[in-house]
Amino acid sequence: MKSTSTKSKENKFAMRTKVFFRSPARITLFIAGIFFIISFVELLTGATDISSPGTSGATLRLATPLLMAGLGGLWAERAGVINIGLEGMMIVGTWTAAWFGYLHGPYVGILAAAVFGLASGFFHAILTVKIGIDQAVSGLAINLIAAGAARYLSGIFFPPVGGDRTVSPPVESMPKFSIPFVAPFFKSIDEKEIFLISNVSGLIYGVTTDLSVMTVALLLLVPLTSWILWRSKFGLRMRFCGENPMAAESLGINVYRTRYIAISISGMFASLGGAYLAIVASSVYREGQTGGRGFIGLATVIFGNWRPSGVFAGSILFGFTDALRLRQSESVMALIMIVGIASLLLAIFYSVSRNWKLGGTYFGMALFALWVNQRVEVIPQEFVTAFPYFATLIVLTLLAQRLTPPAMVGLPFKRGSE
Amino acid sequence: MTKSRVFWAVVAPTAAIFTSLLFTYIILKIRGVDPIEMFRLMISYGFDPRNLVSELNQTVAYYMAGVAAAIGFKMLLFNIGIDGQYRMGAFFGAVVGAAVSLPPILHVLVIILTAMLAGGAWAAIAGYLKVKRGVSEVISNIMLNFIAAALIAFLLSPSIFGILPEGTQVLQTRSIPTSGRMPTIKAFDGEIYTFLFLAIFVGVAYWIMLNKTVFGFNLRATGLSFRAARSSGVNAPGMIFVTTVLSGAIAGLVGIGTLLSDTHNYSMAFPSGYAFTGLALALLGRNHPVGIFFAAFLWSFLERTAPVLEFEGVPPEIIIVLQGTIVLSIVVAYELVSRINLRQQQRAVGSVSAEVIDKDSKSVKETE
């Protein structure tokens with residue numbers, strides 16, 4: 001009885017939030033509010049890097065590989081199979097893109113990464129779907145084998161650079177472009193240093209200038225994934241296989257085939273993320289280049305509540321913290337202040353709608369941010385590195401009941417079982 | 001029935017190892033090296049007494065990781081957090097060991113207990129999330145591994161627990177005084193860690209706990225069927241939590257042998273990747289303490305002999321690929337074996353029920 005009443009209250013609340021965000025004007029207002037806080041804090045602390053064009057550009061560059069890993073994870077998990085091998089599949093992408101890119105140019109490199117990524121995903125599918133071994137074991141083994149194979153093959157194929165065979169020869173870079181009219185226009189506003197407006201323009205300038213063709217192409221995969229998942233026949237089947245494969249099978253859906261396709265595409269996406277690292281973000285393959293990005297991709301899937309737009313938001317957030325870490329360490333402190341102010345506002349918001357639990361939690365977060373701001377001088381680098389993992393753990397702890405993962409994700413399924 | 005089960009239990013790992021060897025054979029052949037000669041070289045190098053000593057020491061560390069994973073597996077828990085738990089254990093063991101001054105044996109005990117507590121506490125986070133929040137332990141543990149690495153990197157900074165001795169580039173904790181060190185046994189120019197005996201003790205204790213105690217029975221029961229255990233009065237969620245913590249406590253001991261007998265301090269040079277190794281060894285050794293030992297030895301043997309490959313112009317990383325292949329083939333082999341077993345059972349049940357139906361229909365006819 002009690003649980004239903006709290007649930008209905010939560011539903012009512014969720015409904016109200018949804019209604020609030022239905023109007024485009026309110027969304028604009030909401031985003032403007034966030035920007036107001038950011039500009040205000042920047043003015044206060046002098047950490048101007050949060051909304052600088054450099055940071056937004058770097059964010060996009062750092063977020064794209066995470067996004068690809070996340071989308072890859074999403075494809076597999078929506079079909080009901082968890083893909084812990086994302087990291088390994090990214091390694092496959094970095095290596096093949098760099099090697100084939102070095103031999104035949106970047107486009108062939110990307111194509112090769114896509115093909116080999118597809119193959120690595122297919123391998124995962126054979127092991128988990130056809131043979132039915134534990135999905136985590138398969139993924140971990142793929143991570144290990146891919147890392148080992150990349151190092152083995154580097155040792156054989158790459159010409160040694162000063163006795164070192166861990167770096168590939170450089171790949172020709174891909175063309176870059178700025179969006180005409182838009183980029184120069186916002187650049188001019190950014191330079192005028194008007195409060196708020198310049199900050200927004202700086203951000204827009206950052207993401208519209210010096211864009212790689214590949215970045216744009218990969219970003220388009222977000223709406224595409226969204227469309228396939230929610231609007232196409234295949235997407236419906238895929239989600240069905242993730243929610244209830246037995247029922248799907250009884251309705252005549254070929255669960256095995258659907259999962260094969262989904263997991264193969266998952267591998268291809270992760271591998272393309274790797275190709276991006278090797279070709280766009282740098283111009284070589286380097287050992288350990290993926291640096292746990294596959295696992296962050298796994299985290300963005302949870303963070304984004306198994307939705308393409310959520311995965312996108314998560315990867316932007318994690319890419320943003322990474323960009324700040326690389327650029328200006330004071331910005332991280334300013335960011336904490338922003339989080340503190342935002343938490344305080346959320347605390348007030350939730351308290352008004354009498355959701356004491358969440359209100360209290362956010363109030364606690366605001367207090368914590370204040371304490372950090374007062375007591376700690378510099379946020380250690382290590383904590384910023386661990387931020388994505390930490391954020392995901394917090395989301396899992398606080399919001400686990402609100403997350404809606406595919407019901408049968410990670411569980412084995414045998415054809416003809418009940 | 002049981003006889004065929006034992007037969008298959010032995011056949012599966014053997015077949016897996018042979019498949020992997022065949023795989024390596026082909027790869028070496030492609031590379032243009034004589035595989036048989038290579039294997040011979042590796043075996044003679046690996047069984048050289050001097051190398052055996054260091055292999056044994058490494059085996060002990062792997063063994064602890066394997067036992068930690070096996071405890072989790074018995075509960076159907078996939079403890080991929082061994083890496084983080086081992087780090088926490090070794091790090092806090094080193095910090096506490098350097099900070100206190102106690103009489104010799106007590107000092108060692110305090111360090112070991114601290115390591116187990118730290119590992120167990122770190123695992124408890126994943127256990128709590130699993131039991132209270134329904135979060136998959138795989139996901140939370142992956143996150144916790146990264147967080148542990150970052151946390152320790154932070155705590156190792158010179159302003160907190162770390163020191164940077166002159167002439168080195170590696171941050172480390174203060175050294176543990178002599179009273180907190182474990183002796184070594186000198187053999188063939190090498191030193192065997194006495195931690196080995198503790199590892200053997202842990203293996204025996206694991207076996208007794210699992211097979212001879214009520215706790216072990218409850219653990220296995222919960223692992224086999226959560227619902228059945230719960231309805232027969234076992235506190236199943238509690239068992240999951242306790243098992244997670246226990247697994248973490250054992251994982252906390254992974255680095256202790258090296259810490260107390262060799263380096264005497266924790267540094268960034270401590271290796272990573274124990275989580276996957278532990279899981280692989282538990283799978284390979286079928287969660288049995290003796291099986292895990294042989295698997296652990298195989299693992300450290302392969303790693304120790306990898307440099308031999310390099311002399312012949314083969315990049316030694318092929319060993320990593322080989323290890324991954326062993327794990328995959330073993331898991332696939334078990335899966336296929338369990339299918340064969342299932343089919344046999346079904347056939348047995350089928351033939352019995354066919355007889356029953358036969359009899360029934362006869363008796364029906366007779367009465368008619």
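In what follows, chains carry the letters A, B, and so on, assigned in the order in which the sequence lines appear, proteins first and then strands, with residues in each chain numbered from 1.
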Between Ser266(A) and Asn83(A), does any side-chain donor sit less than 3.5 Å from a side-chain acceptor?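 Ser266(A) vs Asn83(A): donor-acceptor pair found between side chains.
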Under a 3.5 Å cutoff, is there a donor and acceptor pairing between the side chains of Arg87(B) and Tyr274(B)?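 Note: Arg87(B) and Tyr274(B) side chains miss the donor-acceptor criterion.
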Within a reach of under 6.0 Å around OH of Tyr389(A), are more than 12 heavy atoms found that belong to other residues, nucleotides or ligands?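 Correct, the count exceeds 12.
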Kindly check if the number of other-residue, nucleotide or ligand heavy atoms within 6.0 Å of CZ (Phe390(A)) is above 12?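 Counting other residues, nucleotides and ligands, CZ of Phe390(A) stays at 12 neighbours or fewer.
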Per-residue contact mode, [X] against chain A (heavy atom under 4.5 angstrom):
{"X": "Ile318(B)", "answer": "both"}
{"X": "Phe78(B)", "answer": "side chain"}
{"X": "Val138(B)", "answer": "side chain"}

Checking [X] against chain B: side chain, backbone, both or neither under 4.5 Å from a heavy atom?
{"X": "Ile131(A)", "result": "both"}
{"X": "Ile82(A)", "result": "side chain"}
{"X": "Leu153(A)", "result": "neither"}

Inter-chain contacts: residues 125-133 of chain B against chain A, heavy atoms under 4.5 Å: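 Counting heavy atoms that sit under 4.5 Å from chain A, the residues of residues 125-133 of chain B involved are Leu129(B), Lys132(B), Arg133(B).
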Kindly assign one of parallel, tilted or perpendicular to the pair Phe158(A) and Trp99(A), based on the angle between their ring planes and the thresholds 30° and 60°.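 It falls in the tilted class, 30° to 60°.
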Parallel under 30°, tilted from 30 to 60°, perpendicular over 60°: which one fits the rings of Phe39(B) and Tyr25(B)?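 Answer is tilted, since the angle falls between 30° and 60°.
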Of the listed residues (Ile156(A), Ile296(A), Leu127(A)), which shares the most heavy-atom pairs with chain B below a 4.5 Å separation?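 Of the candidates given, the most pairs with chain B belong to Ile156(A).
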Answer yes or no: is there a donor N or O on one side and an acceptor on the other, between the side chain of [X] and the main chain of [Y], under 3.5 Å?
{"X": "Arg286(A)", "Y": "Thr166(A)", "answer": "no"}
{"X": "Thr290(A)", "Y": "Glu87(A)", "answer": "no"}
{"X": "Asp83(B)", "Y": "Gly273(B)", "answer": "yes"}

Under a 4.5 Å cutoff for heavy-atom pairs, which residue among Val327(B), Leu279(B), Ile142(B) has the most contacts with chain A?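 Top count of heavy-atom pairs under 4.5 Å with chain A: Ile142(B).
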Among Val314(B), Ile27(B), Val135(B), Ile152(B), residue most engaged with chain A (heavy-atom pairs, under 4.5 Å):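 Sorted descending by pairs with chain A, the first entry is Val135(B).
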If a pair satisfies side chain to side chain donor-acceptor pair (under 3.5 Å) and one of its residues is in residues 321-331 of chain B, list it, with sequence neighbours excluded.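 For residues 321-331 of chain B: Ser20(B)-Ser329(B), Glu303(B)-Gln323(B).
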Show every salt bridge (Lys or Arg N to Asp or Glu O under 4.0 Å) that has at least one partner inside residues 142-155 of chain A, sequence neighbours left out.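 Passing the test, one end in residues 142-155 of chain A: Arg151(A)-Glu287(A), Arg151(A)-Glu317(B).
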Looking at Phe318(A) versus Phe303(A), is the centre-to-centre ring distance below 6.0 Å?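 Yes, they do, as the ring centres are separated by less than 6.0 Å.
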Among residues 132-144 of chain A, which residues come closer than 4.5 Å to chain B, judged by heavy atom distances?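 Residues of residues 132-144 of chain A touching chain B at under 4.5 Å: Gly132(A), Ile133(A), Asp134(A), Ala136(A), Val137(A), Ser138(A), Leu140(A), Ala141(A), Leu144(A).
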Hey, is Glu335(B) close enough to Lys130(A) for a salt bridge, meaning N to O under 4.0 Å?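 Looking at Glu335(B) and Lys130(A), the cut-off is not met.
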Side chains of Ile30(B) and Ile26(B): closer than 4.5 Å at any heavy-atom pair?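 Ile30(B) reaches Ile26(B) side chain to side chain.
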